[in-house]
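Quick caveat, the model's predicted, so the values are computed rather than measured. Below, read A as the first sequence line, B as the second, and so on, with proteins coming before strands; counting in each chain starts at 1.
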Number of protein chains: 2
Amino acid sequence: MIGSKLIAADPLASEGDDGYRLWLKYEAVTNAPVKTEYLRYTTFIGRSDKGEITQSASRELQMGLKNLLGKTVQETSSSAGRSGGILFRIEPGAAAAQPAEGYQVQLSGGNIVIVSRSEQGILYGTFALLRHLQMQRPIKNLSIASTPKVRYRMLNHWDNPDGTIERGYAGASLWKWYELPERVDPRYEDYARANASLGINGTVLNNVNASARFMSQEYIEKVAAIANVLRKYGIKTYLSVYFAAPKTLGGLATSDPLDPQVRAWWKEKVAQIYKEIPDFGGFLVKANSEGEPGPQDYGRTHADGANMLAEAFKAYDGIVVWRAFVYKADPNADRFKAAYEEFVPLDGKFDPKVIVQVKNGPIDFQPREPFSPLFGNMPKTPLGIEFQITQEYLGFATHAVYEAPIFKECLDSDTYVNGEGSTVAKVVDGSLHCYTRTLMAGVANTGNSQNWTGHPLAQANWYAFGRLSWDHELSSEQILQEWVALTLTRSEKASGHIAALMLRSREIYVNYNTPLGLSRPWMGVHFAPEPWQNKGSRPDWTAIYYHRADSSGIGFDRTASGSNALAQYKPQVQQQWNNPDRTPLPYLLWFHHVRWDQKLSTGRSLWQELCTRFYTGADSVLWMQQQWDLAKTSLDPMVFTDVAERLKVQRREAIWWRDAWVLYLQSLARQPIPAGFEPPKRTLEEVKQSVHVYLIR
Amino acid sequence: MIGSKLIAADPLASEGDDGYRLWLKYEAVTNAPVKTEYLRYTTFIGRSDKGEITQSASRELQMGLKNLLGKTVQETSSSAGRSGGILFRIEPGAAAAQPAEGYQVQLSGGNIVIVSRSEQGILYGTFALLRHLQMQRPIKNLSIASTPKVRYRMLNHWDNPDGTIERGYAGASLWKWYELPERVDPRYEDYARANASLGINGTVLNNVNASARFMSQEYIEKVAAIANVLRKYGIKTYLSVYFAAPKTLGGLATSDPLDPQVRAWWKEKVAQIYKEIPDFGGFLVKANSEGEPGPQDYGRTHADGANMLAEAFKAYDGIVVWRAFVYKADPNADRFKAAYEEFVPLDGKFDPKVIVQVKNGPIDFQPREPFSPLFGNMPKTPLGIEFQITQEYLGFATHAVYEAPIFKECLDSDTYVNGEGSTVAKVVDGSLHCYTRTLMAGVANTGNSQNWTGHPLAQANWYAFGRLSWDHELSSEQILQEWVALTLTRSEKASGHIAALMLRSREIYVNYNTPLGLSRPWMGVHFAPEPWQNKGSRPDWTAIYYHRADSSGIGFDRTASGSNALAQYKPQVQQQWNNPDRTPLPYLLWFHHVRWDQKLSTGRSLWQELCTRFYTGADSVLWMQQQWDLAKTSLDPMVFTDVAERLKVQRREAIWWRDAWVLYLQSLARQPIPAGFEPPKRTLEEVKQSVHVYLIR
């Protein structure tokens, strides 16, 4: 259990906080008056129902209070007339307007009372209370009420059956398939606790590039063993499916979604799953994308494929989540437009059990993207949003990038579909088009590293995604403040330095990596700079496809004179971005091919501005190091050293990125490095060679 | 640091021993008289030299005593005339006959004195003393003296630069290449401590299917950061090399070992490495094997390739370890004979800096193999032995197989090269042919799982390999007794049950997996039974190539009437195995094709005997479970549950193996299942389908 991991302070050893406990550390309350108040309200836990989820809540509370207050608190089912305790109260009738998972935590009759319509709400309220106590906030006037804005709050694991994780940078998979179902790793429960503490209520266990083996009885039993653990924390289990499984696993001649045998196979398969997992969540599907099979292999549409699966779920609660991440290898097309072109014509054709899951941006989790034009343009189809928590394009586990601002930037974008204020958030939470099935998914950054996420600060991204999936109105700052207090330090001064570092981290990364709306300077492993990459098995698998740099300038013209991808947005959005002079600099090269000598609003030419960003971005890592150092005395030494060393890597790699871009672009722009910036100490060839190292076997 | 990880006992949580501390737990001494005696001899640590290895020894001792006795022990450099302490005494002259790494631990002048010619010896003596104290043995008459029988005692990691491990079943790689060199994971030091405690003095960090990137300056710096940690514990760092690196990394037109440019490239490369790692250990090479490049690509011999690399090490201490694991895809050849045929003609042609590393058996780490006929047949070439600790063919991380008996069986085999008593051990330790460079290598079973090895009992295999690499005369029982006491329990009764379980575990596994000398019923991932496998990209990559089952019988005739591989052994060895009636049953089918109805020494026909082994092997897993349960009250609950659950998996899979073999062989032998054995509850087709699940994407 996360909360109970305590490391003895050994004077001889360099031990410290190994990060395993995440934000559930429940460190002893140090504020004496606050502690006195807490002790007064924690004399018992009143719980009258027998549900396994409230049992988890009660156990969590006992463990939390044990660590926070050094006190063993007993549970009782007969709390009538008593005060000074914490009561769980499930009131199916009360607050009927409120979603079942919502909760209220308040003082009543001398007790702290957690009220909800459901067991899950009690659990979420318990975690909210524990968060409150961990932050040493007063109980007097305690009143926390919250309801989730989105119904399906999910992690997507891109974990493979062999234990590897696609785009994972924190070790091997948490799921130990070869040991299941007999051996149930205790860590599964800590995983469930961490997620439930944020309000996450669903988990897709396996990679969207899915293995058919998860549809075998053998693997369904393994999955069921995990589901049995997650269920205790209100989390449903989902699986990614391989669309061609009827052929490869079932031995059928086809996987055509309109074939009756295929339909029967999936129906039978879903029934087989529900026999083992009565609360199974549903399927996630990547089809006809990047080589995966799909309905188009048989001349059918995505809706045909999704609806066939939805039909199989007819008798059950489960849903089908169908990914909109599709694009064809067309050299003349603009990948930006692909998902829209494919899916908008299908609006209204999906079964009500289908949610279409759309990545936040039109391309692929770049450090900065405009919002996907699909949002708002499928009013008859519930659109879920897919964020990437794992840092595929954000520096793996060696760069500190706090992602809440990326998520918020997209959610707060105005699509203008129903006039001003039609934000992506309102599309996603269903309020704009009255979707009842709403979904927010995050591609997980977890692995079996002892600290779960590799980079200690990357825990904040898991935390932020979870909190936002519950309430997208929380601010990046507020979430960060919580996370730092729960995880790193209660010192206000240190928190200030850490918050500064993290809140600026994304812009700093963008500056040295993809400033002014550049994108996808990666091929291969998405780690090393390769803006020069011009060979790929498909035209859109090169770097030059995206930045379109030449001797005249750089950027992708997506206005009417170019690919006209902009036309996929409402006119008000188009207006923001269709004129290079008015386009905000962060999005400039997303939409325009701009001349090297073009003067920008900063007073610099494009070339100068790019150089300035690359250089100041890399410089700013020094500032990040300084902020971290200033927090040192308030941090656990092991965590401090871990992050400090990673920041050194980040600094070195930021310079690498800077040099790669500057030298490569200089070969096209043929301009001098602006005065004041020391030219790279290496040649373009040398940088290429250093990148090559990461690409060879 | 391993020794300092203490988990608080939390009444609410299911926490316990997470296995991280391995055999370095230093749990409090509970025997009161013994503790009194220990306290008397631990009033100070006397250390007068300033070396970093004795500093590690002193730190380990302080940490150990802190945990064993609850006592902080100070180090002093001026211990003259004092008693009641532990003295480190480096005596370069003393015991000149003894290898520098040997040590003596004894009482002298009222002190415990650890004497050695070297710092490393002091470290090994310190670990021996700590082992002694952990086992609560008396200090009175203390006298431990030991010297290593083999000079290079190495782990081989088959770890890839992307963090995966070939044939690894304990998570991702320990080496975090993307974080290095700036971030040095504290775990590297615990890894070094664990190895040094056994006497291991070398580590090959990367897979023998090697990436050329380790030869880049960037990676050399990363490797150096690890080497800096290992050095403090007397462990040298080695690298596997990609033979074609001069081409793929260096950009040369060839990697021909006789090409002057190629020779110069390697020379320069080795110099570059020594600049960063002054005590670099050397190279390990897999060449012209399983698709890897090598000197034969240029019409040169293995000796040409190895000697070229040895030349590059001329000015340094480093060595070249060249693997003999080679075999060609010849349908008419016997893979058994390949390494011998390739290497024996090269005897005497290798540079003195080269050690040829030979797998224990002629094929590939099977559950039981005869010893490789190379041992004894290359008197002019130092032959190192390669064992596999990771359980590639021994049930991954779900089967308990204690491997010391496998290692010992090979080491104790008599080659008869110089008459009776010419054991493999004497070849390997150099005493038979006066090799001065002697080597024992083990393919590591470590990963980033918190308990290092996945299966808790697999820690014993790492331990056993290490102890045997130091002293191959230790018995399997003795090593096991130590390991159980240090790692699992001090209870004699429980130890008895665990020892029984583990000492029989290998024979039990062989019985349900590959009895009577069967081998290689695997393809694919080496996990699931596939004795029927008859298609492969090469003829020797099928299962039927190895067992040669047909309607008449089963087994590989390697006598004069068959492949005559037996002729590679000395006559006395041939005599053991050339007559099917006299061949010990464990080796029968290694050397003979035997009729199904052939009566064996057990009184049963071959078919009956095979069935009996498959069935009783699977049954015996129940007995293993029983033994484990009997030890329960003396075990940590978390460790108990972990192993208990894995034993359940093992039981299920043992039945799987049994059913696969019995049903498949029955389709050839056409004989009934012997009376008393319940026929499998599934058909051959159903078993095949269950295996298929593990082979599809």
**OP:** Using a cut-off of under 4.5 Å on heavy-atom pairs, state which of B/P161, B/S211, B/G447 scores highest against chain A.
**Re:** B/S211
**OP:** May I ask you to name which of B/R183, B/Q217, B/R187 has the most heavy-atom pairs under 4.5 Å with chain A?
**Re:** B/R183
Please look at [X] and chain B and tell me whether the side chain, the backbone, both or neither of the residue comes under 4.5 angstrom of a heavy atom of that chain.
| X | value |
| --- | --- |
| A/F396 | side chain |
| A/Q650 | neither |
| A/N160 | neither |

Does a side-chain N-to-carboxylate-O contact under 4.0 Å join [X] and [Y]?
| X | Y | result |
| --- | --- | --- |
| A/E645 | B/K176 | no |
| B/E179 | A/R652 | no |
| B/R646 | A/E182 | no |

Subject >> 4.5 Å side-chain heavy-atom contact, B/P181 and A/K648 >> reply: no
**OP:** Check the side chains of A/Y694 and B/E218 for a donor-acceptor pair under 3.5 angstrom, ignoring hydrogens and angles.
**Re:** yes
With a 4.5 angstrom heavy-atom cut-off, could you sort out which part of [X] is near chain A: side chain, backbone, both or neither?
| X | answer |
| --- | --- |
| B/T641 | neither |
| B/H692 | side chain |
| B/R651 | neither |
| B/D162 | neither |

Subject >> Shortest non-hydrogen contact between A/Y178 and B/V525, atoms and distance >> reply: OH-CG2, 4.2 Å
Subject >> Between CG on residue A/N448 and CD on residue B/Q450, distance to nearest 0.5 Å >> reply: 9.5 Å
**OP:** Sort out for me which of A/D185, A/N209, A/L180 touches chain B most, counting heavy-atom pairs under 4.5 Å.
**Re:** A/N209
Original post:
For chain B, which residues from residues 163-175 of chain A lie under 4.5 Å away (heavy-atom distances)?
Top reply: A/T164, A/G171, A/A172
Original post:
Can you check whether B/V693's main-chain N or O pairs, donor with acceptor, with A/S216's side chain at less than 3.5 Å?
Top reply: no
**OP:** Go through the structure and list residues passing side-chain contact (heavy atoms from CB on, under 4.5 Å) with A/A212, not counting sequence neighbours.
**Re:** A/Y242, A/A245, A/T248, A/L249, B/I696
